[in-house]
Amino acid sequence: MKTTSNPQDTLAESLNGIYLVDAGAGTGKTHTIIRRYQNIIESGVSPADILLITFTRNAADQLKESAMVNISEKVNITEILEAPILNFHALCARILKNSGSKSAKYLGIDEEVTSNFTIIENFGFENEVFRKFFLMFKNKTYDKYEEIYLGLNNKHEAVLRIIKFLATRGIFPTKDGWFNEAGNLFNGRMEDYNLRFDELNEPAFVKNDKSGTKEKQNDFYKKIRDAASRSFYLSFDINSLLTENRVNPEYKEEIFNDDTQSLLIEFTRDIYWSYIEFMLKKNYLNFEFIVMLAFLTLYYDEKVRNHYQYEYSMVDEFQDTDEIQFQLLMLMIKDSGGKANLAVVGDWKQGIFGFRNTTIENIMEFENRLKKYKGLLNKDKSRITYDVDNVNKISFEYNYRSSQTILNFSKETLKTEAKKDEQADFETTEQRFGQILKARRELDDLTDIQFYQSEESEKAEIDIVFRKISELINEKKYVCREFDKEGKVKDERPLRYSDICVLSRTNNFCLKLQKEGLQRNIPVNFGGWLELFSSDQAILVLAWLRLMMNENNAEALVPILEKEEYNFPEIRKIISGLKDKATLFTNIPEDIIKFRNRLCGIKENLLRVTETILNRYGFNNNVSSALLNEIDGWIKTDLISLGELIRLIDSSKKDTYEIDINRTREAVITQTVHSAKGLEYPVIILSNMNQSLFPNTRSNTNEIFYLPVPGLRFRKKFETKDDYSLICNNWKSDVLIKMFKPDNYDEERRLLYVAVTRAKQYLYFTSFRPSQFFKHLAELTGKEPIKDFQYEVVAKKKKIINLTETVPAPQLIKPSPEFHSVHDLMNEKITGASDISEAKAVYRASTEAMDHGVMIHQLAHRLANKVKVDSDNEEIKKLKKFISKLRANKLRTEVDFLYPKDDKVIRGTIDLIAFYDDRIEVIDYKTDRNKKYLEKYKIQVGIYKDVIKNIYKDKAVTGKIYFIGLDEVLSV
DNA sequence: TAACGGAAAATTTTT
DNA sequence: TTTTCCGTTA
């Protein structure tokens, strides 16, 4: 009998049944999966019956490649090539294309899923698509969901985010309810709430020498007190929640019961459902909907389900799956005589994609979830027939990457305090962690862990990083030891640049390192993703496009003039001289006007426009071609106008793209911890361990959020009291967030674990403003941070040999100066209405005006360019007539202005300016059907007049308000 | 030592 | 907008 002392062997050789495999960092996971795959084939199973799922395309390709090496004689290569070795989304897309054309009907949607749908990959793009849909939907349903729209204040992105979130949780809308009655989840669980409330609100005591113990403020009280001092709720005094040292229990019930919740649930269902329908009509799908529709197909269509069921299934990186993917997987497992053959392999300690809705509970609660989902999937009909009670657990014990010193150290990372005196359950963590992996590589004579603290500036920290790199490269004591497959020492050699990886929590720091490396002649490659539309190339493209739209756009001129190397006083002069452009003279350099005119001449071809702009500056590298590529993609869809392109670039600034700006062969690599997952290096320098960066403290709560205990909630509320009304936070939601939103520090700690376990031999930490992680980790391991590290930064060789020319790192966008809108200035949020209905009416008028403004903007632009406007819309006809009757010398529409006042810059847009011989007239359109709020509008136009008066000091300035609906003009 | 409040600084990425 | 750090006060 063969003894299998090694758990890796156990997995590779046990083929039948359900296996949950805890495969820590560097335990040879992929290798074992391939061995197991080959063993299954050896046992006579066809590759077509073995499902192998990973999370990324790359990983799937690699697995497929490895599977073809040492292939069994029983199969041929073509069989492997066609085998289902892929990632979740590719699998779902395949199901949809082959068998999913009717899948939307399960939600009560008539639209078909065509086989040539376009997948929207880019959030910025989808957000734009969604914006258009949202405005349409809002118009149609305003009266029904007025409460929501008033609170939402056109923040459509919040709605899109909650839709995508719900889809990954397996919560889908149907025409008149929710799939699998998931809507029941939304009302929350009051009993759990009550328990939590009591638990949080238990009295806390402090020991006192004189009188024994004394009650002090409990943590719940402190949180509310904090909110009370910083938040403002118009119709509720949150101080009333505070009794002595505790939260007033009289409010217990009231906090949970929110009478707008049911409307929010219905709104969410309605817009979610309609959006799916809208996307299908446009032949679009996003990744969430692909999985959703594939799941529904398998769920409802027995034939298709049987077709896609596999005898053997394996999933790699199981900690990166979300809830719906787990369920989808269960539907694809074939019942083999009442048993399932499934192996999921992963490591909860490396679950770092929570923001993408992946959940490590899929591993930690694996057995429970199997049972729970089996029940869910069998709710109305038997779908899962195999037994899920018997789960075999395997834990890999050996590590083939790091020194034992580093492995021992890695355990500390999960017990590191993220903030001072953090109360976290580190005991449970300790238990879960289990045994420390045993090193199978003899490296402990060549290993080191140190902490370096620089002076308090980012530049000083970057200095330290480069000093350390120089030391590592030039000092003989640092040696890289390499091993062969059997674990025998193959080579010992000095360190090379490419042995070193500088990790950071943020992309930004990596980019700075890369740039600095160029200046110091130390080769550094950036291995992360780029905010393409925040690069200086994109900023210039956007600036020129804006200038094409409006030649007096100061915001557009600034980056252009900066690039032409005008200094600040000169730029200010030119911008303040924009007034003359409207008449005869201008300070704008002639060259810029000429180039703008040239661009306007080819504006029918926006791709050429972009190309021309990039050529002007000689931009010709990976960044510029990525820009052209992406814009080309947009133009080929239906979003083609200049205005829309500008909007799209604007909303894509935060989207990241994988762009290769690495051009040097032998270089230090710098990347984010997230992107380094799965990689290994002899040296890891974990940099930028600074306060508020790592651990990161930012936590955005969506305006609409879902948490299991409180259910679906809305953070905003349109509140009215006495003479005022404004959009406030919903105080009940705020309290519930404080009660139930989990700290995400556990995930930050796992990120720390991932970073540390990348290192084979040498591990260093750097910081200039030490975060709690840096401090506490040094403390836990008894290391004193080195504060006076010196080493001369020298490149190893004088000249770095590059494969091709070095591409400079793209500049990041500069922080823009503080701008204030006219609306800020008017303090528009506070209206002078005296009752709720009136206040709502004011608000409705102003938000409607916003929607309308989009239309008017385009229209005004077209009229100014004498483009024919086809519309039967009464208002547009009236507007046309109104404009033609003005008989001015010159008209300017949608004039953006920047107007310095005190220490602020006011930004605004004037609908229309008419120039006459003796005067200038400022005109503002209003779509209201009455003149109730005339006084308010007068203030607004008054500000516009001030602005214009200040620019044209020698001319009279008049103002008019044109109520389009009433067809009435009023002088102001 | 508890309580308060001002200052400072703020993200990750795959499909 | 939200959160932590940290100095001041009682």
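Chain A is the first sequence line, chain B the second, and so forth, proteins listed ahead of strands; every chain is numbered from 1. Treat the numbers as computed from the prediction; the structure is a model and nothing was measured.
- Between A/Arg356 and A/Glu215, the residue anchored nearer the 5' end of DNA chain B, judged by the nucleotide with its closest heavy atom, is A/Glu215.
- Put simply, the residue from A/Glu456, A/Glu461, A/Arg769 that forms a side chain to side chain donor-acceptor pair (under 3.5 Å) with A/Asn690 is A/Glu461.
- A straight line from CD of A/Gln772 to C1' of C/dT3 spans 14 Å, rounded to a whole angstrom.
- Nearest heavy-atom pair across A/Phe125 and A/Asn122 is N-OD1, 2.8 Å.
- What separates CG of A/Asp226 from P of C/dC5 is a distance of 13 Å, to the nearest Å.
- Pairing for C/dC5 is with B/dG6, a Watson-Crick or G-U wobble pair whose two hydrogen-bonding atom distances lie under 3.5 Å.
- The distance from atom CG of A/Asn696 to atom P of C/dT4 is 11 Å, rounded to the nearest whole Å.
- Considering only heavy atoms from C-beta on, A/Glu121 comes within 4.5 Å of A/Phe287 through its side chain.
- One atom, CD of A/Gln691, and another, P of C/dT2, lie 20 Å apart when rounded to the nearest Å.
- The residue among A/Asn729 and A/Lys775 whose nearest nucleotide of DNA chain C is located toward the 5' end is A/Asn729.
- Nucleotides B/dT11 and C/dT4 place their P atoms 16 Å apart, quoted to the nearest Å.
- With A/Phe353 as the aromatic partner, A/Arg356 meets the cation-pi criteria of under 6.0 angstrom to the ring centre and within 45 degrees of the ring axis.
- Summary of the strand contacts: A/His89 and A/Lys222 both lie near DNA chain B, and taking for each the nucleotide with the nearest heavy atom, the more 5' one is attributed to A/Lys222.
- Summarising the base pairing, B/dT14 is matched to no nucleotide, lacking a Watson-Crick or G-U wobble pair whose two defining distances lie under 3.5 Å.
- When heavy atoms are screened at a 4.0 angstrom cut-off, A/Gln217 is found touching the sugar-phosphate backbone but no base atom.
- Between A/Arg715 and C/dT2 there is a side-chain polar atom (N or O) within less than 4.0 angstrom of OP1 or OP2.
- In this structure, A/Phe289 reaches neither bases nor backbone, as no heavy-atom distance under 4.0 Å exists between it and the strands shown.
- Within the 6.0 Å centre-distance limit, the rings of A/Trp634 and A/Phe533 are counted as a close aromatic pair.
- Side chain of A/Asp347 to backbone of A/Lys349: a donor-acceptor contact under 3.5 angstrom is found.
- Taking atom CZ on A/Arg769 and atom C1' on C/dT4, their separation rounds to 12 Å, with Å as the unit.
- With rounding to the nearest 0.5 Å, the separation of CG in A/Asn245 from NZ in A/Lys222 is 10.0 Å.
- Note that the first and last nucleotides of DNA chain B, 5' to 3', having any atom under 4.0 angstrom from a heavy atom of chain A are B/dA2 to B/dT15.
- When the P atom of C/dT4 is taken as reference, atom NE2 of A/His776 falls 16 Å away, rounded to whole Å.
- Between the C1' atom of C/dT2 and the NZ atom of A/Lys223 lies a distance of 13 Å, rounded to the nearest Å.
- Distance CG/A/Leu86 to CG/A/Leu52: 8.5 Å, rounded to 0.5 Å.
- Using a 4.0 Å heavy-atom distance criterion, A/Asn507 is classed as a sugar-phosphate-only contact.
- Between C/dT4 and A/Lys419, a contact under 4.0 Å exists linking OP1 or OP2 to a side-chain N or O.
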